[in-house]
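Reckoned from all heavy atoms, side chains included, excluding hydrogens, waters and symmetry mates. We name chains A, B, ... by the order of the sequence lines, and we start the count at 1 in each one.
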There are 2 protein chains.
Amino acid sequence: MSKLRSAPTLDDVARQAGVSTATVSRCLNAPDRVVEATRQRVMQAVEALGYTPNFAARVMAAKRTFTIGAIIPTMENAIFARGLQAFQEELHKRGYTLLVSSSAYRPEVEEEQIRTLVARGADGLLLIGHDRNPQIHDYLERQKVPAMVAWSYIPNARAPSIGFDNRQAMQALADRVIGLNHTRIAMISGVSEGNDRARLRIEGARDALRKRGLNPDSLSIIETSYEVENGAEAFARLISQSPHPTAILCGNDVLAAGALRQAQSMGLNVPEDVSITGFDDIELARIVSPALTTVHVPHREMGSKAALELVEMVENSTPGSTIRLQTEIVERQSLGPANNS
Amino acid sequence: MSKLRSAPTLDDVARQAGVSTATVSRCLNAPDRVVEATRQRVMQAVEALGYTPNFAARVMAAKRTFTIGAIIPTMENAIFARGLQAFQEELHKRGYTLLVSSSAYRPEVEEEQIRTLVARGADGLLLIGHDRNPQIHDYLERQKVPAMVAWSYIPNARAPSIGFDNRQAMQALADRVIGLNHTRIAMISGVSEGNDRARLRIEGARDALRKRGLNPDSLSIIETSYEVENGAEAFARLISQSPHPTAILCGNDVLAAGALRQAQSMGLNVPEDVSITGFDDIELARIVSPALTTVHVPHREMGSKAALELVEMVENSTPGSTIRLQTEIVERQSLGPANNS
DNA sequence: ATGAATAATGCAAGCGCTTACATTGCTGGC
DNA sequence: GCCAGCAATGTAAGCGCTTGCATTATTCAT
């Protein structure tokens with residue numbers, strides 16, 4: 001309460017500098033529309049008073065926030081960190097501020113966060129993946145807040161997206177695995193419901209089996225949430241099958257790290273006894289040993305291009321274009337030829 | 001522009017429901033001050049129009065945002081993730097929204113973010129560590145925005161803090177190391193300038209040497225930023241000394257993971273040839289092998305208590321108290337007895 | 001039934017800023 | 001020296017919401 005009584009306002013600055021509030025406002029937002037001498041006087045007053053413009057007031061008057069919101073499924077691991085970092089750097093260059101929140105992979109939380117961000121006046125939104133209640137896009141449209149989807153490339157989806165073809169990427173990896181004579185293959189996937197990336201990666205793996213003449217239904221899949229513990233546990237379950245799989249495809253590097261740890265604690269050698277692959281190529285993939293063979297995703301490129309595209313959508317009311325990025329398989333040590341004994 | 005023309009306002013809802021804007025406002029903010037029948041009518045109108053309150057307007061009128069800001073040094077690794085998660089969960093329970101931004105360990109960026117968050121009306125701020133330009137606290141005081149420091153416990157500092165005694169914690173760990181007959185000890189620290197945690201951990205290590213009758217200056221220290229690569233590189237440099245250190249204390253688990261990787265790639269066995277310790281006990285510590293002996297920090301507890309404390313400060317204008325949390329050493333496999341050959 | 005007390009609702013004044021439009025002050029061509 | 005024309009500045013109307021106070025409806029003891 002006394003908070004606002006004490007913080008100096010535009011009015012205070014104007015009075016102190018002996019000009020009108022309009023002039024002060026212009027000094028701050030369009031310095032060239034004000035003559036040098038005046039500006040100096042104003043700036044002095046600003047300094048002297050330690051004035052900081054009130055954001056809410058500015059937003060109300062100008063109807064622009066120069067804020068972009070992003071809602072990511074999790075901050076607990078590094079999956080989205082690097083891309084988001086690039087996203088925010090690019091945004092910053094363009095004069096925008098990024099607000100991030102995480103939904104913990106819960107659709108209803110995501111929805112709430114979207115509404116919160118919109119109510120806060122986000123000029124645009126970055127969302128991860130396409131799976132969500134279509135009503136949300138109606139809402140966004142009504143509110144005229146453009147949204148861009150990242151980490152998933154799906155042409156002609158409801159929202160423009162930038163990402164890679166999850167299905168094709170996993171297919172390529174699985175194909176490589178099969179090429180090493182693996183036939184008993186299993187998969188530890190993220191929860192596919194509400195997660196198009198997870199679902200498409202599963203499909204990709206099946207595609208590869210099919211293409212190579214194996215039965216796609218022979219792929220045993222455990223779906224679990226993306227945590228190291230869960231990867232470990234799933235691994236233990238899969239490996240107890242007999243005959244056990246010789247290769248385990250993991251939905252991401254975190255799950256793979258868990259699987260790897262479990263393998264080691266069970267005294268299994270990777271890749272001699274069992275191969276394990278990851279996905280994403282986050283730092284973790286190079287930290288564990290053996291280092292993970294995984295799919296490299298161009299996180300930074302995705303982040304910065306998403307920013308460019310989204311700013312474009314915001315500033316020129318364009319519909320936004322859908323961009324496909326390439327992934328590539330990074331061979332390290334966790335994948336080897338099958339030991340079909 | 002048309003954005004606001006199209007989005008329904010309180011006025012629209014009021015008209016549609018045949019009541020005044022005040023009533024609508026009350027329905028939303030103090031439902032019990034309005035009679036059931038009216039509220040239903042209003043809520044129907046809200047639904048029908050798909051009304052979302054305008055945050056900026058609300059803030060202007062109410063002078064409260066129910067928003068807390070947090071500025072952390074980095075989102076690129078998991079150091080702050082778990083604590084922040086708990087912080088935000090607790091905040092959410094109390095009806096607050098968390099805004100997070102990262103300063104990339106750069107003081108000037110942190111300062112800018114603080115101003116941004118304050119301008120956006122954050123009711124309170126969570127900051128990491130005590131090292132910063134004291135002017136910032138003057139500013140915060142003038143703006144009447146309470147701030148709480150986490151990850152560092154320093155009584156009688158400018159701001160109340162919740163954390164652990166970094167110095168004592170590292171001292172205890174180093175003491176344990178020395179107890180295993182290590183005498184040639186080195187340290188890979190984070191950059192200590194502007195980072196009280198890093199500095200105090202170094203001091204703690206020296207304390208331990210001193211206490212055990214070793215020369216604290218014999219501790220060779222490499223300061224580097226908290227990235228895996230840097231840990232690896234620093235390790236390589238330290239180990240090339242002759243005689244090389246038998247134990248390397250790392251400023252955090254990330255550096256330790258890098259050191260470990262480097263050791264392995266140089267064909268050294270940990271802990272037989274060289275011991276490595278971490279700090280923080282993030283998930284990574286259990287993923288690498290050998291798993292890291294490290295200092296466990298009660299991240300979640302720190303986060304949720306910080307939230308409680310900060311909300312208290314915001315709502316009752318209390319000065320906030322400084323809280324000390326305990327850490328404990330987690331023994332895993334990366335630390336062993338010295339091989340003083 | 002009746003009036004006092006109380007609950008429900010309405011009225012209207014801002015919150016701090018931007019910006020369209022109005023006003024004032026200068027410039028220079030004649 | 002005068003005035004058209006433009007640059008610099010000022011005036012004031014909102015932006016959408018909350019809330020203190022005023023007004024009206026309801027309740028209940030008598």
Novice: Measure CZ/B:Arg33 against P/C:dG10 and give the value in whole Å, please.
Specialist: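 In whole Å, C:dG10 P and B:Arg33 CZ are 13 Å from each other.
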Novice: May I have the distance from B:Arg41 (atom CZ) to C:dA8 (atom P), rounded to whole angstrom?
Specialist: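 Atom-to-atom, B:Arg41 to C:dA8, this comes out as 14 Å.
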Novice: Checking all strands, does B:Ser25 fall into the base, sugar-phosphate, or nothing category for heavy-atom contacts under 4.0 angstrom?
Specialist: base
Novice: Closest to the A:Arg26 side chain: D:dT9, C:dC17, D:dA12?
Specialist: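 Among the listed nucleotides, the one closest to the side chain of A:Arg26 is D:dT9.
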Novice: Look at the side chain of B:Asn29 and decide which nucleotide, out of D:dC17, D:dA12, D:dT18, has an atom nearest to it.
Specialist: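 Between D:dC17, D:dA12, D:dT18, the one nearest the side chain of B:Asn29 would be D:dT18.
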Novice: For the pair A:Asp196 and A:Arg132, find out whether any cationic side-chain nitrogen is under 4.0 Å from an anionic carboxylate oxygen.
Specialist: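 Result for this pair is no, no salt bridge flagged.
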Novice: What is the distance, rounded to the nearest whole Å, between atom CZ of B:Arg39 and atom C1' of C:dA8?
Specialist: 13 Å
Novice: Ignoring the backbone of B:Thr9, work out which of D:dA12, D:dG16, C:dC11 is nearest its side chain.
Specialist: D:dG16
Novice: Hey, are B:Lys305 and B:Glu309 close enough for a salt bridge, meaning a charged N less than 4.0 Å from a carboxylate O?
Specialist: no
Novice: Among the candidates C:dT18, C:dC17, D:dT18, find the nucleotide nearest to the side-chain atoms of A:Ala62.
Specialist: C:dT18
Novice: On DNA chain D, check which nucleotide each of B:Thr52 and A:Val19 is closest to and give me the residue with the more 5' one.
Specialist: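 With B:Thr52 and A:Val19 compared, the 5'-side residue is A:Val19.
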Novice: Indicate yes or no: does B:Arg300 engage B:Glu89 in a salt bridge with an N to O separation below 4.0 Å.
Specialist: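 Between B:Glu89 and B:Arg300 there is a salt bridge, with a charged N closer than 4.0 Å to a carboxylate O.
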Novice: Rounded to whole angstroms, how far apart are CZ on A:Arg58 and P on C:dC15?
Specialist: 19 Å
Novice: Consider the side chain of A:Thr38, meaning its heavy atoms from C-beta on, and name the nucleotide among D:dA8, C:dC17, C:dT9 that approaches it most closely.
Specialist: D:dA8
Novice: Where the side chain of A:Tyr51 is concerned, which of D:dG20, D:dT18, C:dC17 is the nearest nucleotide?
Specialist: C:dC17
Novice: Between protein and nucleotides 22-27 of chain C, map the contacts as a letter string: B base, S sugar-phosphate only, - none, heavy atoms under 4.0 Å, written 5' to 3'.
Specialist: ------
Novice: Considering only heavy atoms from C-beta outward, does the side chain of A:Phe87 approach that of A:Leu310 to under 4.5 Å?
Specialist: yes
Novice: When the nearest nucleotide of DNA chain D is assigned to A:Val34 and to B:Ala61 on a heavy-atom basis, which residue is associated with the more 5' position?
Specialist: A:Val34
Novice: Tell me whether the side-chain N/O atoms of A:Ser20 come closer than 4.0 Å to OP1 or OP2 in D:dG10.
Specialist: yes
Novice: Can you check the A:Arg64 CZ to C:dT19 P distance for me, whole Å?
Specialist: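 After rounding, the reported distance stands at 11 Å.
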Novice: At under 4.0 Å between heavy atoms, what does A:Phe55 touch on the DNA or RNA strands: base, sugar-phosphate, or nothing?
Specialist: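 Here A:Phe55 touches no strand at all.
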Novice: If I take atom CG in residue A:Asn54 and atom C1' in nucleotide D:dC15, what distance separates them, rounded to the nearest angstrom?
Specialist: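 Those two atoms, CG and C1', are 13 Å apart.
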